Student: 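Provided herewith is a single structure, encoded as structure tokens, for subsequent inquiry.
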Amino acid sequence: MHNILFFGDSLTAGYGLNDVKKESLPALIQQRIDAAGLAYHTINGGLSGDTTSGGLYRLDYWINRPIAVFVLELGINDIIRGIPPQTTAHNLQTIIDRVKQRHPHDKIALMGMEIPAFIPGTFAAQFKAIFRKLSEANNTAFVPFYLQGVAGIAHLNLPDRLHPNAEGYKIIADNVWPVIKKLL
């Protein structure tokens, strides 16, 4: 059995869901793995509110176990807290470097993020560009926008309009599964 570690923030953890063990993205990907008869086990390493620096701090705990695929979804909380895109990019690169150092044969998938429409300016373009640049520089699998088809759509999100509901996560799983499946 090979492990797939989903490492991220509330969008990985499944914040606000009624049943994280059935409705979060790692759970939905596990259901698809099981249906395909593949020998992989998903691990939900999501922590609500986490930033890229928080992820760096807790990374060693999570990568101190055997993993075959590392799925990285962090960054949106950096922007909400006003952390410069350059800092976010540096922290994400450091996370990728540490994973490669500890698990040189692991496959990595990077989940891209975009800034919510309420944050103006060039900041948005700089932030969005981080993920593609990191993916290309590190030759990772890549989902350009993790919340594609869900962000800003009221009925697919919790009342806070920031976190997907169970229906929203089904759409995210539809977008992410083809990328993960190619790594298995």
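When reading the values below, keep in mind they use all heavy atoms of this one structure, side chains included, and skip hydrogens, waters and symmetry mates. Model, not experiment: these values are computed from the prediction.
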Student: OG/Ser53 to CD1/Ile83 distance, rounded to the nearest 0.5 angstrom?
Tutor: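 Answer rounded to 0.5 Å: 5.5 Å.
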Student: Could you tell me whether Tyr15 atom OH has more than 12 heavy atoms of other residues or ligands within 6.0 Å of it?
Tutor: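 Not more than 12 within 6.0 Å, no.
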Student: If you compare all heavy atoms of Lys22 against all heavy atoms of Gln31, which two are closest, and at what distance to 0.1 Å?
Tutor: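 Residues Lys22 and Gln31, closest heavy atoms: O-NE2, 3.0 Å.
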Student: Let me check something: do Ile96 and Ile4 share a hydrophobic cluster, defined by ILVMFWY side-chain heavy atoms less than 4.5 Å apart, either directly or through other members?
Tutor: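 Yes, because Ile96 and Ile4 connect within a single hydrophobic cluster, where side-chain heavy atoms sit under 4.5 Å apart.
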Student: Quick one: are Met113 and Phe127 in side-chain contact, heavy atoms under 4.5 Å?
Tutor: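 Contact flag for Met113/Phe127 side chains = yes.
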Student: In this structure, would Met1 and Val69 fall into the same cluster of hydrophobic residues linked by side-chain contacts under 4.5 Å?
Tutor: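 Result: no, two separate clusters.
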Student: Are side-chain heavy atoms of Leu17 and Ser24 found at a separation under 4.5 Å?
Tutor: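 Of all side-chain heavy-atom pairs linking Ser24 with Leu17, at least one is under 4.5 Å.
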Student: Look only at the side chain of Arg58 and the backbone of Gly45, and say whether a donor-acceptor pair between them is shorter than 3.5 Å.
Tutor: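 Answer holds: yes.
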Student: Checking side-chain contact (heavy atoms from CB on, under 4.5 Å) for the pair Ser48/Asp9: CA distance, chi angles, key distance, verdict?
Tutor: CA-CA 5 Å; Ser48 292; Asp9 52 36; over 6 Å; no
Student: So, the side chain of Glu167 versus the backbone of His155: is there a donor-acceptor pair under 3.5 Å, distance only?
Tutor: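 Between the backbone of His155 and the side chain of Glu167 there is no qualifying donor-acceptor contact (under 3.5 Å).
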Student: Might you point out which heavy atoms bring Ala27 and Val20 nearest each other, and give the distance in Å?
Tutor: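 Minimum heavy-atom separation between Ala27 and Val20: CB-O, 3.7 Å.
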Student: Considering all heavy atoms of both residues, which atom of Asn44 and which atom of Ala13 are nearest to each other, and what is their separation?
Tutor: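 Of all heavy-atom pairs spanning Asn44 and Ala13, the closest is ND2-O, 3.5 Å.
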Student: Give, for atom CD1 of Ile67 and atom NE2 of His41, the distance between the pair rounded to the nearest 0.5 Å.
Tutor: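 So the gap between those two atoms works out to 12.5 Å.
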Student: Check whether the side chains of Asn77 and Thr51 place a donor and an acceptor atom closer than 3.5 Å, and report yes or no.
Tutor: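 Judged by distance alone, the side chains do not pair up.
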Student: Taking everything shown except Gln86 itself, do over 12 heavy atoms lie less than 6.0 Å from its CD?
Tutor: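 Yes - once you tally the heavy atoms of other residues, nucleotides and ligands closer than 6.0 Å, there are more than 12.
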Student: Please check if any side-chain donor atom of Asn138 sits under 3.5 Å from a side-chain acceptor atom of Lys100, or the reverse.
Tutor: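 A donor-acceptor contact under 3.5 Å links the two side chains.
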Student: Considering all heavy atoms of both residues, which atom of Leu11 and which atom of Tyr146 are nearest to each other, and what is their separation?
Tutor: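 Heavy atoms of Leu11 and Tyr146 come nearest at O-OH, 2.9 Å.
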Student: Examine Phe142 together with Phe131 and report whether their ring centres are nearer than 6.0 Å.
Tutor: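 Judged by ring-centre distance (under 6.0 Å), Phe142 and Phe131 do not meet the cut-off.
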Student: Say whether, by atom type as modelled, one donor and one acceptor occur between the side chain of Glu23 and the main chain of Asp19 under 3.5 angstrom.
Tutor: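 Flag set: sc Glu23 to bb Asp19 pair under 3.5 Å.
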Student: If you apply the rule side-chain contact (heavy atoms from CB on, under 4.5 Å), what do you find for Phe70 with Leu59, and how did you get there?
Tutor: CA-CA 11 Å; Phe70 182 83; Leu59 180 65; 3.9 Å; yes
Student: Show your working on side-chain contact (heavy atoms from CB on, under 4.5 Å) between Asp60 and Arg102 and close with a plain yes or no.
Tutor: CA-CA 9 Å; Asp60 287 339; Arg102 183 74 57 90; 3.7 Å; yes
Student: Which atom names give the shortest non-hydrogen contact between Leu183 and Ala109, and what distance separates them?
Tutor: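 Result for this residue pair: CD1-CB, 3.9 Å.
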Student: Measure the spacing between CG of Asn3 and CD1 of Ile43 and express it to the nearest 0.5 Å.
Tutor: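 Rounded to the nearest 0.5 Å, the CG-CD1 separation comes to 3.5 Å.
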Student: Please answer: with hydrophobic residues joined when any side-chain heavy atoms are less than 4.5 Å apart, are Leu28 and Leu184 in the same cluster?
Tutor: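 Yes; tracing contacts between hydrophobic side chains, which count when under 4.5 Å, links both residues.
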Student: So if you build clusters from Ile, Leu, Val, Met, Phe, Trp, Tyr with side-chain heavy-atom gaps below 4.5 Å, do Ile80 and Leu147 land together?
Tutor: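 Cluster IDs for Ile80 and Leu147 match.
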Student: Does Thr12 reach the main-chain N or O of Phe6 with its side chain, forming a donor-acceptor pair under 3.5 Å?
Tutor: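 Pair absent, no side-chain N/O of Thr12 close to backbone of Phe6.
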Student: Quick check on the hydrophobic clustering: are Leu5 and Leu47 connected, directly or via other members, by side-chain heavy-atom contacts under 4.5 Å?
Tutor: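 Each belongs to a different hydrophobic cluster.
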Student: Find the distance between CG (Asp78) and CG (Asp50) and round it off to the nearest 0.5 Å.
Tutor: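 Reported value, rounded in 0.5 Å steps: 9.0 Å.
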Student: Hey, does the side chain of Asn157 reach the backbone of Ile153 with a donor-acceptor pair shorter than 3.5 angstrom?
Tutor: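 Yes; at least one donor-acceptor contact below 3.5 Å.
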Student: If we ignore hydrogens and angles and just use 3.5 Å, is the side chain of Lys128 paired with the main-chain N or O of Glu114 as donor and acceptor?
Tutor: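 Checked: no pair found.
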Student: Measuring from atom CG of Leu92 to atom OG1 of Thr140, what distance do you get when rounded to the nearest 0.5 angstrom?
Tutor: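 Reported to 0.5 Å precision, the distance equals 10.5 Å.
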Student: May I ask you to decide if Ile63's main-chain N or O and Arg98's side chain share a donor-acceptor pair within less than 3.5 Å?
Tutor: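 Checking the backbone N and O of Ile63 against the side chain of Arg98, no donor-acceptor pair under 3.5 Å is found.
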Student: So, the side chain of Asp160 versus the backbone of His163: is there a donor-acceptor pair under 3.5 Å, distance only?
Tutor: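 Yes, because the side chain of Asp160 sits within donor-acceptor range (under 3.5 Å) of the backbone of His163.
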Student: Within the 3.5 Å criterion, strictly below it, is a donor on Asp97 or Gln101 matched to an acceptor on the partner's side chain?
Tutor: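 The criterion, which ignores hydrogens and geometry beyond distance, is not satisfied for Gln101 and Asp97.
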Student: Looking at His90, I want to see if its NE2 is surrounded by more than 12 non-hydrogen atoms of other residues, nucleotides or ligands under 6.0 Å.
Tutor: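 Open: at most 12 neighbouring heavy atoms sit under 6.0 Å from NE2 of His90.
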Student: Please check this pair: side chain of Arg65 against backbone of Trp62, looking for a donor-acceptor N/O pair closer than 3.5 Å.
Tutor: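 Judged by distance alone, yes, a pair lies under 3.5 Å.
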Student: Is it true that the side chains of Thr52 and Thr88 contain a donor and an acceptor less than 3.5 Å apart?
Tutor: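 No, no side-chain donor-acceptor contact under 3.5 Å.
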Student: Any chance you could measure Leu38, atom CG, to Ile180, atom CD1, to the nearest 0.5 Å?
Tutor: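 Reported value, rounded in 0.5 Å steps: 12.0 Å.
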Student: Would you confirm whether Gln30, through its side chain, and Thr42, through its main-chain N or O, come within 3.5 Å as a donor-acceptor pair?
Tutor: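 Yes, the answer is positive, given that a donor and an acceptor are paired below the 3.5 Å cut-off.
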Student: Taking all heavy atoms of Ala173 and all of Leu25, pick out the closest pair and write down the distance.
Tutor: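 Scanning both residues completely, I find the closest heavy atoms to be CA-CD1, 3.5 Å.
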